[in-house]
Amino acid sequence: MKRIVLILSVLLPTFCLAQQVYHIIPQPKQIVYGEGAFHLPKHWTPSKAKWLKDPTMADEAYRLSVTERDVTISASTQRGLFYGQQTLRQMVNQSDSQSLRCLNISDEPRFAYRGLMLDVVRYFIPKDEVLRIIDIAAQLKLNNLHLHLTDDNGWRMEIKKYPKLTQIGAWRVERNTLFPNRENPREGEPTPIGGFYTQKELRDIVAYAKKRHVRVIPEIEMPAHSVAAIASYPEMTCPVMGNRFIGVLPGIGGKDASIIYCAGNERVYSFLQDILDEVMSVFPSEYIHLGGDEAEKSHWKACPLCQNLMRQQGIADEEQLQGWFMDRMIRYLNAKGRKAMGWDEVTLGRPKEDITIFGWQGLGQAAVRDARETGRKFILTPARKLYLIRYQGPQWFEPYTYFGNNTLHDVYSYEPVGNDWTPQMEQQLQGIQASLWTEFCQSAADVEYLLFPRLIALADNAWRARGSGQWPAFLEALDAFLPHLEEQGMGYARSMYNISHVVTPADCVGEFRSPILLCRGKLVTELACERPDVEIRYTVNGDEPTDTSPLYCQPVTTEPGITLKAATFRDGRQQGQTLILPLVDNKATGCSILKDTSTNGLALRLTNGLHGSLRHSDFEWAGWYATDADFVVDLGSPTPIHSVTLGAIANANMTVALPREVCVYGSSDGEQFTLLGSKTLDETDIFAREATRKDIVIPLVGADSTTGLPESLPEQTSPTADKVRHIRVQALHPSNIPDGFIRGGQSPWMYFDEVIVE
Ligand code: ACM
Ligand code: ZN
């Protein structure tokens, strides 16, 4: 027996070697395995591979050949050689023996532009961290780092001619609260938060990136997102506010975000040109990004200088004025041998000069439309797919951030080219970019958490051949890559292992059904994990799930009043966090809602027994935008009821408010409704500044007749309402968010997570 084990252990390495399959990210175009292996000499590194110069090959293409005798990389450029070395490096990392399997790899990228944007304004990312990110980006064959250097919240580049840009503009007040809740600064407050890169430090970043074949594209925002510059040099904005104090904004800024450069003041152009001169002296990039997004033009409308310029130049409106402004700056860059880039709003002003557009709003449609009409080049970094500020997994497990989800799979599977595109438009598309906005980052660890692993998926997407992605194979490659990310000290999120859930009244799954309930009260829970290579195991008795708990194979139907717990497992070990769903029971739980009038289409969440979190975007909240909420719950049969409670959330800084009044009506036939009670809410509750849950309890009066409204409603509790089958809830929209709030003047959403009927 012993001898057999010995023989096997001698044979095993060779046997394994023959089976070695490499998992490379980004996925190479073609790998053909051969027989045999190349034995790695001691201290061998990928830089020792022989470089065969093949001038017929494209700039970034490489061929990697491993034979028993040697390892060679064919490429026409240093860049191609570098990419071959990156592939080789991953192969060496995956070789548990001292050999490489013989093979031939033939590889080149799909897109010429493979980008990452770092917002170094909202969170000032230390230089060393930027270098570490460049290291990983280069290993993933990304080739552009777009640095968002200026914004309302800070100016991050030393400009020698205008020292106040960093003396004043790089620093903001401290506000120990989330970005959307931060109040604007007051004159004289200390400004301890911020920082900037010296020109020497930026040159170091550029040189470090260049060595790794990454181009650094600086972005200097104009005409908006410029409050930090204007706080430093207030004369650069329109003279419409008198001498009002303007400080670097710590948060959204509200109306102060509409403080922008004056287009009618010549000094603004010389100021920006001087700045661009220094930018160009530091950044050799052929492209300079001029921003151009989200320019609110109320000040231009009121400004005598801007209006005068428009008259003189025959400019029709303020949008065209931005076009004129951008054109002038583009010409300045062009005269210095550089080219311009800008966000997709730039297209609204119909610039005449050449500019590469970054499509960011929604799915990037504005850039696509513009490309179709004008033939301009563009890059896609759509917020709804590639903004890494968004949640990367089920929101209950994630740190607070903005908006909806962009998961690892979303980034991986994003296909930028539309079915209706012409080949010409495909040519105009330069590539894709992940953009990391850092409003919610407080540390380098927060940055890494949002970047990884999604940046790895982006890199694969930007490089691999169109239509060649295979999600399970990518996950294998990711699992091979992540330990080496960790070895380099880089953190990453494990959100891909967490479970998302949808809990729905059992009889209402799918279409809204007729109001005859077959299984009132039951709930169906659907669970999902974006990794198909894990098991979901669950319990419904309150126990912690283990690797022997029931395996989730199909939606689980349960009574309410239980707690469902679930977690993912692989090889017997728990992978993600434990999902806990307390499914509370009340007379409305599991009942249908007769018609979904909600704006976000989630009305069935109102009777699913589950409360939402403090994130109104977590898919547990039914939302109504700029309108009253009005819905009918069908209890299934005449039912005595004592109280109705509506679970709500307020968060005025995120444009979410409570209703001004909630009215509850009852009916036994679904046609004649009687007012059973109402509740008026206080202004302070309606517009709570930070995310606050509120159960709105509506006192009821008797409702056993259908004869119309009761004469008066008692303030406190009520006689029993009986024989109510249909409950109609009307939640009246409050006014707009009051002035004095960051988002003053905007129409709010109302969100409800549950109707509780006792
Ligand atoms: C942007 O997200 N405002 C470009
Ligand atoms: Zn002006």
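Just so you know, ligand 1 is whichever comes first in the structure, and atom 1 is the first atom listed for that ligand. Fair warning: this is a prediction, and the values are worked out from it, not measured in the lab. For reference, positions follow the sequence shown, starting with 1.
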(request) Give the total of protein N/O/S atoms at a distance below 2.8 Å from the Zn ion (ligand 2). (result) 4
(message) Check the orientation of W437 and H148. Use parallel for under 30°, tilted for 30 to 60°, and perpendicular for over 60°.
(response) perpendicular
Taking atom [atom1] of [X] and atom [atom2] of [Y], what is their separation to the nearest 0.5 Å?
X: D354; Y: K339; atom1: CG; atom2: NZ; result: 7.5 Å
X: R384; Y: Q365; atom1: CZ; atom2: CD; result: 7.5 Å
X: L142; Y: I432; atom1: CG; atom2: CD1; result: 9.0 Å

(request) Check ligand 1 against W437 and write out every atom of the ligand that is under 4.0 Å from a heavy-atom position of the residue. (result) 1 (C), 2 (O), 4 (C)
(request) Write down the atom of F179, the atom of I252, and the distance for their closest heavy-atom approach. (result) CE2-N, 3.6 Å
(request) Would you mind checking which non-hydrogen protein atom is closest to atom 3 (N) of ligand 1, with the distance to 0.1 Å? (result) D293 OD2, 2.6 Å
(message) Suppose we measure from atom 2 (O) of ligand 1 to each protein heavy atom; which comes out shortest, and what is that distance?
(response) Y387 OH, 2.7 Å
(message) Below a 4.0 angstrom heavy-atom separation, can you tell me which part of F358, side chain or backbone, both or neither, approaches ligand 1?
(response) neither
(message) Any nitrogen or oxygen of H225, side chain or backbone, less than 3.5 Å from one on ligand 1?
(response) no
(request) Answer yes if the ring centres of F378 and F358 are under 6.0 angstrom apart, and no otherwise. (result) no
(message) Do the side chains of K336 and D277 get close enough for a salt bridge, i.e. N-O under 4.0 angstrom?
(response) yes
(message) I'd like to know if R350 and E319 make a salt bridge, using a cut-off of under 4.0 Å between side-chain N and carboxylate O.
(response) no
